[in-house]
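Note that these values count all heavy atoms, side chains included, but never hydrogens, waters or copies made by symmetry.
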Amino acid sequence: MQEPLLGAEGPDYDTFPEKPPPSPGDRARVGALQNKRVFLATFAAVLGNFSFGYALVYTSPVIPALEHSLDPDLHLTKSQASWFGSVFTLGAAAGGLSAMILNDLLGRKLSIMFSAVPSAAGYALMAGAHGLWMLLLGRTLTGFAGGLTAACIPVYVSEIAPPGVRGALGATPQLMAVFGSLSLYALGLLLPWRWLAVAGEAPVLVMILLLSFMPNSPRFLLSRGRDEEALRALAWLRGTDADVHWEFEQIQDNVRRQSSRVSWAEARAPHVCRPIAVALLMRLLQQLTGITPILVYLQSIFDSTAVLLPPKDDAAIVGAVRLLSVLIAALTMDLAGRKVLLFVSGYAMGWGPITWLLMSEVLPLRARGVASGLCVLASWLTAFVLTKSFLPVVSAFGLQVPFFFFAAICLVSLVFTGCCVPETKGRSLEQIESFFRTGRRSFLR
């Protein structure tokens, strides 16, 4: 069958005919309401990322405190400290594995809400800990919640956001995670370690409350045959005055073409395995840059260096710089493009927020729930290996050895970005998927 031109329609293939452009008056009238509602739904969801970022770095001020604890049941040795720091990532890997099922079984929104249960339980265990086992179990549960939200929230945000703001909104999970980490560092200057765990309960409760009033992803609802509910959800997200029928038909057509789950045989097809491979390798390279062990042991790292300020203050400064960098990335991602930021910026402006966004953008719809869980699973298993081995390696060889390794991985990441990562700025999820299906770069220009 001859490949159709862009915009052509046929019984077997439907490319993406351009919608007649709305007038400036129409754009001005519906744009504000459209974005307000999408922003509200996004904010409700990414509170889960705030809790994730808060929980990830919880050990940064707590490990030094427990290493000097006079309570023998809570005093940490170096080996116990490495487990306390790294067991979070094992929980996150389990959460990513669960997301492979829950993302498609419960839907994106309910999966995010479900994460509040292990998160709240984990913080309660750590707040009332009387032994190492309670600390480790609490870290594991908060890690499970973090892994689940890490797989579900980017998918939810990408599926509710219009293309024009999807880049900015796609950076909000990382932005809120960084804000959560900064909040932990700041509160660590004021609160004892038990009260840090108590404070972690607040964003979890607010997330549950807000998400109760938000719609599910229209794409997920359509995949379950709930067409009327999907249309209502899309209309609410875009505003009552917006004409959503063209967008709804495009989403509906894409879902119908992919109504069944991907089989193992189909998963070997290039248009399925290639985007999964790109997303998976990006997540692995992101972790291999060393960001997780650096954040988990940030205060301990500063303790071992000749810095002028107290380590707690240094950790808070790092958190503030990360937050500013992610905010800049969120504001420029839809202008400069994803690949440009990956090339010219550091972790917080590039490989931090953009890998999460690209994962949710490039994964095919039929495999999106399972594949996002697979990416998170592989990512956090890698993080566990790095986090568990970081302190022993530093003790044996010095701080410079792991950082030389992280620098080498950053060079590999640049090569990978240039060769394998597509530019997705300003394109709908359906257009991105068609690019991988047809290989025609005209879709992404």
Side-chain angles (χ1 to χ4, degrees), residues 50-69 71 73-93 95 118-119 121-147 150 177-178 180-201 203 287 290-304 310-316 318-319 322 380 383-395 399 402:
F50 179 95
S51 183
F52 162 74
Y54 188 96
L56 174 65
V57 302
Y58 176 75
T59 53
S60 179
V62 174
I63 286 179
L66 294 181
E67 285 180 333
H68 296 91
S69 175
D71 186 343
D73 293 328
L74 293 173
H75 178 78
L76 295 182
T77 65
K78 286 295 182 183
S79 175
Q80 291 170 334
S82 70
W83 276 108
F84 186 42
S86 62
V87 75
F88 178 94
T89 59
L90 282 183
S119 183
Y123 283 126
L125 279 168
M126 290 188 290
H130 296 294
L132 179 62
W133 72 270
M134 295 181 72
L135 292 172
L136 295 180
L137 181 57
R139 282 287 284 170
T140 303
L141 288 173
T142 53
F144 180 90
V178 172
S181 298
L182 175 60
S183 300
L184 185 282
Y185 294 139
L187 289 175
L189 299 173
L190 306 172
L191 299 178
W193 65 270
R194 290 187 188 275
W195 282 101
L196 288 177
V198 173
E201 302 277 11
Q287 286 294 349
I291 187 62
T292 299
I294 291 173
L295 293 178
V296 167
Y297 303 121
L298 186 59
Q299 191 168 317
S300 298
I301 291 172
F302 282 122
D303 272 330
S304 64
K312 283 188 176 182
D313 294 344
D314 290 315
V318 169
R322 289 182 66 221
W380 288 113
F384 170 74
V385 173
L386 293 173
T387 309
K388 184 65 179 71
S389 60
F390 183 81
L391 291 181
V393 169
V394 170
S395 298
L399 197 59

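Residues Q80 and L132 have side chains in contact (heavy-atom distance under 4.5 Å, counting atoms from C-beta outward). At least one side-chain heavy atom of P64 sits under 4.5 Å from a side-chain heavy atom of S300. Annotation: side chain of L125 is in contact with side chain of L141 (closest heavy-atom distance under 4.5 Å). Residues P402 and V394 are in side-chain contact: their nearest non-hydrogen atoms beyond the backbone lie under 4.5 Å apart. Taking the side chain as every heavy atom from C-beta outward, T59 and R139 approach each other to under 4.5 Å.
Contact between K312 and L189 at its shortest, heavy atoms only, is CB-CD2, 3.3 Å. Closest heavy-atom contact between Q287 and A383: OE1-CB, 3.4 Å. Between V87 and L136 the shortest heavy-atom distance is CG1-O, 3.8 Å. Shortest non-hydrogen contact noted between D303 and P311 is OD1-CG, 2.8 Å. R194 and H130 get closest at one heavy-atom pair: NH2-ND1, 4.5 Å. When all heavy atoms are compared, the tightest approach of S119 to T142 is O-CG2, 3.8 Å.
The ring pair (Phe, Tyr, Trp, His ring centres under 6.0 Å) check on F390 picks up Y297, with sequence neighbours excluded.
By the 30° and 60° cut-offs, the orientation of the rings of Y58 relative to F84 is perpendicular.
Rounding to the nearest 0.5 angstrom, the gap separating the OH atom in Y185 from the OG atom in S181 is 5.5 Å.
Between W195 and Y123, the distance from one ring center to the other does not fall under 6.0 angstrom.
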